[in-house]
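For reference, the structure discussed in these notes is given below.
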There are 2 protein chains.
Amino acid sequence: MTQTHKRRADARTNRDRILAVARDVLAIDPAASLHSIAKAAGVGQGTLYRHFPTRESLVLGIYRDSIDELVSLAPSLLDAFKPLEAFRRWSERFVDYGRKKHGVADMLRAAMTDQDFRETYWPMVDAVRLLMDACADAGEISKPIDAEDFLQLLALLTQLPPTAEGTARSERLLELAFHGLERSEDH
Amino acid sequence: MTQTHKRRADARTNRDRILAVARDVLAIDPAASLHSIAKAAGVGQGTLYRHFPTRESLVLGIYRDSIDELVSLAPSLLDAFKPLEAFRRWSERFVDYGRKKHGVADMLRAAMTDQDFRETYWPMVDAVRLLMDACADAGEISKPIDAEDFLQLLALLTQLPPTAEGTARSERLLELAFHGLERSEDH
DNA sequence: ACCTGAACACCGTTCAAGT
DNA sequence: ACCTGAACACCGTTCAAGT
């Protein structure tokens, strides 16, 4: 039993080191091979595979904490700002974050279909719905659209190149989307 | 000279056969390897590479005709419909086409940076600008946004999964974008 | 000129062998 | 239980050899 415990501790240490190393390596080269990550972490390829069977699951492991933060940011923003402003800030934060941290977009795409990812995906959809419903209740948007639709749009914007031009473009397109959400004046 | 001519004819035949085969193979498996395409076309890998140094350039070769059609469709639609309706129809056509024919999205991304692709990219930007300006002149949208921005948005929508759900989602998001473009009522 | 296809470096993935 | 790392099938790319 102590042996089992010891083994488990080893496994956990490995997992943590893989995550720490992968975060750094992928920050430098987003397309770094899983071989190179395993080597940099000082583990065999099989060990990396045991813990993270796909590249997406590795990225998910790296950014899970940040994603939780992002989700919990939604109610905080609603406390501090008017709903539409909160929604806008949250969306900007999301896209900014997603573009800087490579692989988040692919992870979101996987979340659409892969059962393992939905536990991370749903809270994000809920965050969007929370923000959008608040805007609707306050009368700041005409009618809320599907929360998944909007989250997917944010995920797509994340895929624009991380250049200055790409960043500016995603900001403008986000502006367009919000303009589309805003209440149309009934005349 | 006749020899040179004969050679050139061979090269052209090869090129055409590669394109015809690649079109079929990629329709069945969008991720088909270049090896398998070369083999299916009955040419060496080097020959495929000579004609199409990247996967994107191969996709571009396959769909260049269709892209030209799409570009020339813009003025035709403007003749037949009111500008906003024309713009909407063109956009739907674009997204529909891009999602069905895999690889078009990657090609468009390459077009953003790669010099070789810009000759195909610019006419599409021009088509978007033509449609959007017509809408603005007719007073159907408040003010035109950057044509490249909008084209990139269309390209992103193309990346949604080619399922019934993905198709419906891209339609709804396109609707959102157009709602954002439409003239805000000045009150 | 143009084509062929073996060869190269590399990728994700597996699995027998160790502890 | 968990880890290692050689091995496998495959990828895009190159290039000496042919015609």
Side-chain angles (χ1 to χ4, degrees), chain A residues 1-22 25-26 28-62 102-103 105-107 109-110 113-114 116-117, chain B residues 1-22 25-26 28-62 102-103 105-107 109-110 113-114 116-117:
Chain A
M1 187 153 173
T2 40
Q3 214 187 38
T4 301
H5 225 63
K6 191 150 166 282
R7 289 296 186 191
R8 295 244 166 113
D10 278 17
R12 185 174 184 86
T13 304
N14 270 334
R15 203 191 119 97
D16 290 345
R17 189 165 60 247
I18 289 171
L19 281 178
V21 168
V25 171
L26 289 178
I28 296 170
D29 176 16
S33 76
L34 300 184
H35 266 100
S36 72
I37 291 173
K39 192 176 173 185
V43 300
Q45 301 100 289
T47 302
L48 178 55
Y49 254 77
R50 166 183 297 272
H51 288 293
F52 305 104
T54 68
R55 173 177 279 263
E56 284 84 9
S57 69
L58 179 60
V59 172
L60 178 60
I62 294 175
H102 246 273
D106 290 336
M107 193 205 70
R109 194 176 340 179
T113 51
D114 195 313
D116 294 346
F117 290 138
Chain B
M1 186 150 173
T2 39
Q3 215 188 34
T4 300
H5 224 65
K6 191 149 166 281
R7 289 296 187 191
R8 294 244 167 113
D10 279 17
R12 185 175 185 85
T13 304
N14 270 333
R15 203 191 118 96
D16 290 344
R17 189 166 60 246
I18 289 170
L19 282 178
V21 169
V25 171
L26 289 178
I28 296 169
D29 175 17
S33 75
L34 300 184
H35 266 101
S36 73
I37 292 173
K39 192 176 174 185
V43 300
Q45 301 100 290
T47 302
L48 178 56
Y49 254 77
R50 167 183 297 274
H51 289 293
F52 306 103
T54 67
R55 172 178 280 262
E56 283 86 10
S57 69
L58 178 60
V59 173
L60 178 60
I62 294 174
H102 246 270
D106 291 336
M107 194 205 70
R109 194 176 340 181
T113 51
D114 196 313
D116 294 346
F117 289 137

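First the proteins, then the strands, lettered A, B, ... as listed; each starts at 1. What you see below is based on every heavy atom in this structure, not just the backbone, and it leaves out hydrogens, waters and symmetry mates.
In this view, A:Ala20 satisfies the side-chain contact (heavy atoms from CB on, under 4.5 Å) rule with no residue, not counting sequence neighbours. Considering only residues two or more places apart in sequence or on other chains, B:Glu56 meets the side chain to side chain donor-acceptor pair (under 3.5 Å) condition with none of them. Annotation: side chain to side chain donor-acceptor pair (under 3.5 Å) contacts of B:Arg17 (sequence neighbours excluded): B:Asn14. Listed by chain and residue number, nothing satisfies the side chain to side chain donor-acceptor pair (under 3.5 Å) test with A:Asp16 (two or more places apart in sequence, or in another chain).
The nearest pair of heavy atoms linking A:Ala38 to A:Gly44 is CB-O, 4.0 Å. Between B:Leu48 and B:Val43, the shortest heavy-atom distance links the atoms N-CG2, 4.4 Å.
Near DNA chain C, meaning a heavy atom under 4.0 Å away, the residues from residues 38-46 of chain A are A:Gln45, A:Gly46.
Candidate nucleotides D:dT4, C:dC11, C:dT4 were compared by shortest atom distance to the side chain of A:Thr47, and D:dT4 ranks first. Among C:dC3, D:dG12, D:dC3, the nucleotide with an atom closest to any side-chain atom of B:Asn14 is C:dC3. Looking at the side chain of B:Ala11, the nearest of the listed nucleotides D:dG12, C:dG12, C:dC3 is C:dC3.
One can place CG of B:Leu48 at 13 Å from P of D:dT14, the figure rounded to the nearest angstrom. Distance, B:Arg50 CZ to D:dT19 C1': 13 Å, rounded to whole Å.
Heavy-atom distances to DNA chain C give each of A:His35 and B:Arg17 a nearest nucleotide, and the one nearer the 5′ end belongs to B:Arg17.
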### Message
Please convert DNA chain D into dot-bracket. A pair counts if it is Watson-Crick or G-U wobble with both distances under 3.5 Å; crossing pairs go in [ ] and bases paired with another strand get |.
### Response
||.|||||...|||||.||
